[in-house]
Amino acid sequence: MKNTNKRVEEILSKMSLKDKIGQLNQDIIKVSELDKAKKAIKEKRVGSLILSSSAFAGNEFQEGAKADLINEVQKYAMDELGIPILFGRDVIHGHKTVYPIPLAMAASFNSDLIKKSYEEIALEASNEGVNWTFTPMLDVSRDPRWGRIIESPGEDPYVGAKMAEAVVKGLQGDDLTKQEKIVACAKHFIGYGQSEGGRDYHRTEISDYTLRNYYLKAFKAASEAGVKTVMSSFNEISGQPVSSSKYLMQDVLKDEIGFDGFIVSDWGAIVQLINQGVAEDEKEAAYLSINAGLDMDMVDYCYGYLEELIEEGKVDIETINESVRRILTVKVEAGLFDNPYITPVKIDYEKHAETSCKLASESMVLLKNEGILPLSKDSKIALIGPMTTEKRALLGSWTLDFDLEKTVTIFDGIKNIAPNATIETRSNYDEMGAAIRKSDVVILALGESDQVTGEARSLASIEISDMQKDIIKRAKLYGKKVIGVMCFGRCVALESVEPYFDAILYAWHLGSQTGNAAAKIIFGDEVPSGKTAVTFPRVTGQIPLYYNVSSSGRNVNGYYGIENLSNYEDVKGSPMYPFGYGLSYTTYNYSNLKVDNTKINLCDIEKGKCVKVSVDVKNTGNYDAKEIVQCYVMM
Ligand code: GLC
């Protein structure tokens, strides 16, 4: 680190004020508009370029990166500035190979496999010139109306922390100078997941108690894992927009937690301080954010006013130097000064597909099984529903560079894994009866479009559509066993349809290998082990409903089925499926539970004292399988 500091100081000492301010700005680069990027570099207005065509990268087509074009721009920057460009892109859960959405990944509880997935994701993205990605998204959330819950690690701070560590280590590795490693970004700091009413971009009301006990833990873990950047969020917390909060960005994140990378704003989050009523104009927005510790401005160029603000004595040059130091340090640590260019390598996409398939299998959650799964591989199956041959939705939101042709549908997966199965399928649901009569079992492939998940895609109701409810009820009329394969990004309300199913396999949006992964579970090649990392409410009206809720005076926590005062008159107080729920094909016996210290207090824990809990777990069923052993602590 000492050499890095020395090197950064040397670079800083040769920079003019204009050079320095340029480093604090990020602009858009479209590979079709390279001259625009070069002009921004020549005018010393940028230190980073985001490969993005619009503010809604998660939902709209985005021009891709090309290594040779990125190298051309990087060479121009090295010649003009002598400082390399950070090329950012939203590589959230895959690049060409798409892995499960993060909310699904969290259900695997498999940090090692998640880390391995992000090693592969970093390799694919870096090979096309991306050296900075805006992930992991660490917004713990309890509200499936919020479209962005699909990018989150779910409702639990500990799971959020484990996801943070796995993703950061996978992307950045132990040596960030290696070409196949890319700079990670923990986002969105902080509290965005509590957007009021599940409406995206809305205000949040978060006490310091809740901030520290729920939302901060994942960011602390990301910082401890060495994440090099953090993205400030759009939301306000109790009247104070995060992107102008010195308390949150400087005092808590940088000073208290010790985050030593740099903070980038979310897209336009600085200029939006005007709408949030704390800044008169762009200049005042810049004044507030830079003095609050926000180092880099994403695409709204408010930081173009910094030179004036320094001349007016409103921003100290040392504040600028500190932000520039942080940004230069990341560029040095990423090896960009020594190796600014990409040399594309050959990638084993088959191997990546296998990893994606394995993680997808472990992310699936078996919610119900009345002895019908697994099926034999010579079954006669009526495969009905909108997700039968659907491809794009399976990839989920926030996938920019996917190879759609390589996406395995539910239909393809069943053919691949059980080639001797007979599949009857009908696109016209009025003809489903003919298919079902010829079959032994019905598989309904249901779900939601990627376009109703992700950014600016919230839903007022998490009920499944009336059309799909109608398919379910009609399919059941034929007296055959009915299996639901549910390809939804968020957890949806299933109470009204659960009785019609003999089995429910929750397949989220699992990426390129969805079909193969689902078929492996359906036919028993893989045994389901996933446990949901988010609560499934019975109905929308129960939201927010989450397991780690503090007890009330009358102990009316109806979460675990203590059906008492706490409940609504019209709906049970317990969830449809609780956090941590998921079935297997086998059974387990837990015995010999031991706790080595039943008396410990908070002070002991804060001093690092631990409680050791052990239990014997025996597989008492007929399948080799994996069990996720869960231990909960009540303070
Ligand atoms: C978007 C998102 C953020 C993303 C950024 C760049 O508005 O909020 O998650 O990384 O802008 O596309």
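Ligands are counted one by one from 1 in listed order, and the atoms in each one are counted from 1 as well.
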Backbone or side chain, does any N or O of [X] fall under 3.5 Å from an N or O of ligand 1?
X      : result
Tyr192 : no
Ser52  : no
Trp398 : no

Within-shell test, [X] vs ligand 1, heavy atom, strictly < 4.0 Å:
X     : result
Ala55 : yes
Phe56 : no
Ile50 : yes

**Request:** Using a strict 4.0 Å threshold on nitrogen-to-oxygen distance, state whether Glu128 and Lys96 make a salt bridge.
**Result:** yes

**Message:** Any non-hydrogen side-chain atom of Tyr158 less than 4.5 Å from a side-chain atom of Lys217?
**Reply:** no

**Request:** Decide yes or no for Asn127 and Gln179: does some side-chain heavy atom of the first lie under 4.5 Å from some side-chain heavy atom of the second?
**Result:** yes

**Asked** For ligand 1, is any non-hydrogen atom under 4.0 Å from Glu151's backbone (N, CA, C, O), its side chain (CB onward), both, or neither?
**Response** neither

**Message:** Only heavy atoms of Lys187, strictly under 4.0 Å: list the atoms of ligand 1 that pass.
**Reply:** 3 (C), 4 (C), 9 (O), 10 (O)

Note the single closest protein heavy atom to [atom], along with its residue, its atom name and the distance in Å.
atom                    : answer
atom 10 (O) of ligand 1 : Asp90 OD1, 2.5 Å
atom 11 (O) of ligand 1 : Asp266 OD1, 3.0 Å
atom 7 (O) of ligand 1  : Glu455 OE2, 3.0 Å

Between [X] and [Y], a side-chain donor and acceptor under 3.5 Å:
X      : Y      : value
Trp132 : Thr229 : yes
Asp139 : Tyr215 : no
Ser233 : Asn235 : yes

**Closest to atom 9 (O) of ligand 1 among His188, Gln62, Met137 (heavy-atom distance)** = His188

**Prompt:** Under the salt bridge (Lys or Arg N to Asp or Glu O under 4.0 Å) test, which residues partner Arg203, sequence neighbours left out?
**Reply:** Glu196, Glu205, Glu236

**Request:** List the steps, then state whether side chain to side chain contact (heavy atoms under 4.5 Å, CB included) holds for Asp143 with Ser195.
**Result:** CA-CA 9 Å; Asp143 194 335; Ser195 293; over 6 Å; no

